Enquirer: 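The structure is given below, and queries will be raised subsequently.
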Amino acid sequence: MARIVMKFGGTSVAGPERIRHVSRLVTAEVRAGHEVAVVVSAMSGETNRLVRLVDELAADIINSDRIVGGAVEDEYDSVVASGEQVTSGLLAIALRRRGVRARSWLGWQIPLKTDMAHSKARIAEIENSAIGPSLRSGQVPVVAGFQGVNERGRISTLGRGGSDTSAVALAIALKADRCDIYTDVDGVYTTDPRIVPEARRLNRIAFEEMLELASLGTKVLQTRSVELAMHNNLSVRVLTSMAEVDDVNPGTLVCHEDEAMEERVVSGVAYSRDEARITLLRLADRPGMVAKVCKAMSDANIIVDMIVQGISRSDTVSNLTFTIDKHDLEKALAVLESNRDEIGHESLKSDSNVSKVSVVGIGMRSHTGVAQTMFEALAARNINIEVIATSEIKISVLIDSEYTELAVRALHGAFGLEVT
Ligand code: ADP
Ligand code: ASP
Ligand code: MG
């Protein structure tokens, strides 16, 4: 007997028929003698619908400080968390109809405690004193993902895609043997199969690679869920919920690099369209200037990603280019404008029609030539590189967003990722 956490994403619980199918997959594990806890997302499209409703009443609450009448993030969480309440109840009903004892759990009932950061809260603790005994008694807890409760007793949410993190955290708290993330694709692919039909499913991928891919825009797992799994050495399986109970459904195992070793230099290509570029022109070229800009951004809670500094024609001034999340652009420009005397740049340019395309692989640590292959493939398609960033296991470039798909396809081909 194993203890298993099964997580089902939005498409997997998109309506009554899909929920019924999920109840069959869960029932099969229960009948096989396992202890099963389930985590569900809201029906696909539902969280977006709820966000739009909030937006209509409180324009841009998440990304702007200029809110008339004060912040409403706590109520945003209360509204957008509701989609998961519906699916947890519906799945519990479907399971009972199959003769399986089940009950729904909301974040505050467990409780799944978080910090105070509304709309992007981090899990602080999951109590298992209530859910643990229920699980041991043979009841299937169906947990609403994405949500928790903070120390003030308010509902919090874990950031978009956060049900993955709920599932991994629950698996750790319950000391589960397995954490299975069911979704609408049959595993982690070498790149988004919606863009490159030749993309290939990976049997295994190392935590570090999955972490880079997720943080560089691969939305199949939320970044924080991979981080948690890695720190707790919990292998996570990504697999499809569209298969039948008896189908072979190997999925992709996200695991420690020693178990993941496959002979490849690059494992995947990621892309993100959520980028914006800012260039400060003619900034004084002296110590402390970049620090000043970064401090202004971090004081405004804006994460700076890629940074390049280039000497301009004179040697007393330089240009500084950096990238941020495009949803923060307006706020960043306002912050820079209000700090203009302090920073002292002559002028400023920005562009939100940019994308970041990245190649990732732990094999890069011991192989040369990856950058050359990447840059040549882009050059052959006439794609201009605006900014470059590297780490030990990734190379990212910023390009005009118009060429995102072309670049992803070109790089997928250049590294031979479609070949088994
Ligand atoms: P869920 O609703 O189940 O959480 P998501 O939409 O969050 O599902 O994640 C699954 C989607 O991630 C897939 O439909 C796929 O288009 C996309 N995706 C992007 N990159 C990849 C990749 N490298 N491998 C697999 N899926 C990917
Ligand atoms: N329903 C939430 C979202 O759409 C959480 C999730 O799906 O993981 O972001
Ligand atoms: Mg998801």
Side-chain angles (χ1 to χ4, degrees), residues 6-14 18 22 39-52 54 62 76-77 79-88 107 119-121 143-148 155-170 180-205 209-226 236-242 251-252 254 266-274 357-361 404-405 408 411-412 417-418:
M6 303 170 81
K7 180 258 170 177
F8 296 91
T11 330
S12 311
V13 291
R18 294 254 46 96
V22 164
V39 174
V40 285
S41 296
M43 294 187 194
S44 65
E46 178 62 6
T47 310
N48 287 344
R49 188 183 73 84
L50 296 166
V51 170
R52 279 197 301 274
V54 175
I62 301 307
Y76 165 95
D77 277 353
V79 174
V80 303
S82 64
E84 274 73 7
Q85 175 165 350
V86 173
T87 45
S88 60
S119 84
K120 44 180 180 302
V143 176
F146 183 50
Q147 54 171 268
I155 291 173
S156 51
T157 61
L158 308 177
R160 299 306 305 272
S163 300
D164 298 328
T165 304
S166 308
V168 170
L170 190 69
D180 291 343
I181 307 274
Y182 287 82
T183 184
D184 56 1
V185 275
D186 63 351
V188 178
Y189 276 66
T190 45
T191 194
D192 189 346
R194 287 188 217 185
I195 288 198
V196 183
E198 302 79 31
R200 188 169 51 85
R201 181 179 59 78
L202 299 164
N203 287 319
R204 287 165 182 251
I205 185 165
E209 291 173 315
M210 193 63 238
L211 189 61
E212 285 282 14
L213 286 172
S215 69
L216 294 166
T218 301
K219 289 191 174 124
V220 66
L221 287 177
Q222 196 197 34
T223 307
R224 180 78 188 122
S225 71
V226 187
V236 169
R237 201 156 58 113
V238 177
L239 65 173
T240 179
S241 68
M242 307 296 151
T252 298
V254 185
V266 166
S267 296
V269 180
Y271 66 93
S272 162
R273 298 182 202 271
D274 291 334
V357 178
S358 313
V359 299
V360 171
T404 313
E405 301 197 353
V408 170
L411 296 175
H412 197 266
L417 293 179
E418 69 282 0

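Here the structure is a predicted model, which is why all the values come from computation and not from measurement. We count ligands from 1, going down the list as the structure has it; atoms in each ligand are counted the same way.
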Enquirer: Should the proximity of Val220 to ligand 1, defined as any heavy atom under 4.0 Å, be assigned to the side chain, the backbone, both, or neither?
Expert: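 Answer for Val220: both.
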Enquirer: If you count the atoms of ligand 2 from 1 in the order shown, which ones are under 4.0 Å from a heavy atom of Ser163?
Expert: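 Once the distances to Ser163 are compared, the set is 5 (C), 6 (C), 8 (O).
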Enquirer: Could you tell me if Thr157 and Asp77 have a donor-acceptor pair between their side chains, going purely by distance under 3.5 Å?
Expert: yes
Enquirer: Could you tell me whether Val185 and ligand 1 have an N or O pair separated by under 3.5 Å?
Expert: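 No, Val185 has no N/O under 3.5 Å of an N/O on ligand 1.
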Enquirer: Could you pull out, from Val238, Thr218, Leu221, the option with a heavy atom nearest to atom 21 (C) of ligand 1?
Expert: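 It is Thr218 that holds the nearest heavy atom.
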Enquirer: Which heavy atom of the protein is the closest neighbour of atom 2 (O) of ligand 1, given with residue, atom name and distance?
Expert: Gly10 N, 3.1 Å
Enquirer: Considering the heavy atoms of Ser41, write down every atom of ligand 2 situated less than 4.0 Å from one of them.
Expert: 6 (C), 7 (O), 8 (O)
Enquirer: List ligand 2 atoms under 4.0 Å from Thr47, heavy atoms only on the residue side.
Expert: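 Taking each heavy atom of Thr47 in turn, ligand 2 has 1 (N), 2 (C), 3 (C), 4 (O) under 4.0 Å.
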Enquirer: With a cutoff of 4.0 Å, is Gly187 in contact with ligand 1, counting heavy atoms of the residue only?
Expert: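 It does; at least one heavy atom falls under 4.0 Å.
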Enquirer: I need the atoms of ligand 2 closer than 4.0 Å to a non-hydrogen atom of Gly161, numbered in the order shown.
Expert: 3 (C), 5 (C), 6 (C), 8 (O), 9 (O)
Enquirer: Quick one: look at Lys219 and ligand 1, take heavy-atom pairs under 4.0 Å, and tell me if it's side chain, backbone, both or neither.
Expert: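 It is the backbone that touches ligand 1; the side chain stays farther off.
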Enquirer: Under 3.5 Å between some N or O of ligand 1 and some N or O of Tyr189?
Expert: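 The answer is yes, given that Tyr189 and ligand 1 share an N or O pair closer than 3.5 Å.
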Enquirer: Salt-bridged, Arg18 to Asp184, with N to O below 4.0 Å?
Expert: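 Judged by the 4.0 Å cut-off on N to carboxylate O distance, Arg18 and Asp184 do not form a salt bridge.
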Enquirer: Below 4.0 Å from any atom of ligand 2, is there a heavy atom belonging to Glu84?
Expert: yes
Enquirer: Can you tell me if Gly162 contacts ligand 2 (heavy atom of the residue under 4.0 Å from the ligand)?
Expert: yes
Enquirer: Please find the pair of heavy atoms, one from Leu202 and one from Ser267, that lie closest to each other, and give the distance.
Expert: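 Reported closest heavy-atom pair: CD1-O, 3.9 Å.
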Enquirer: For ligand 2, which atoms sit closer than 4.0 Å to a heavy atom of Arg160?
Expert: 3 (C), 4 (O), 9 (O)
Enquirer: Considering distance alone, does some N or O of Arg194 sit under 3.5 Å from an N or O of ligand 1?
Expert: yes
Enquirer: Within the structure provided, determine whether Val22 and Tyr182 are in side-chain contact (heavy-atom separation under 4.5 Å).
Expert: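 Contact flag for Val22/Tyr182 side chains = no.
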Enquirer: Check contact between Lys7 and ligand 1, using heavy atoms of the residue and a distance below 4.0 angstrom.
Expert: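 Within the 4.0 Å threshold, so yes.
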Enquirer: Between Arg273 and Glu405, is the salt bridge (Lys or Arg N to Asp or Glu O under 4.0 Å) condition met? List the steps.
Expert: CA-CA 11 Å; Arg273 298 182 202 271; Glu405 301 197 353; 3.3 Å; yes
Enquirer: State whether the shortest distance between N or O atoms of Asp184 and N or O atoms of ligand 1 falls below 3.5 angstrom.
Expert: yes
Enquirer: Using a 4.5 Å cut-off on heavy atoms from C-beta on, say whether the side chain of Arg201 contacts that of Pro193.
Expert: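 Side-chain contact under 4.5 Å: no.
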Enquirer: Among Thr183, Leu213, Asp192, Ile181, which one has a heavy atom closest to atom 15 (C) of ligand 1?
Expert: Asp192
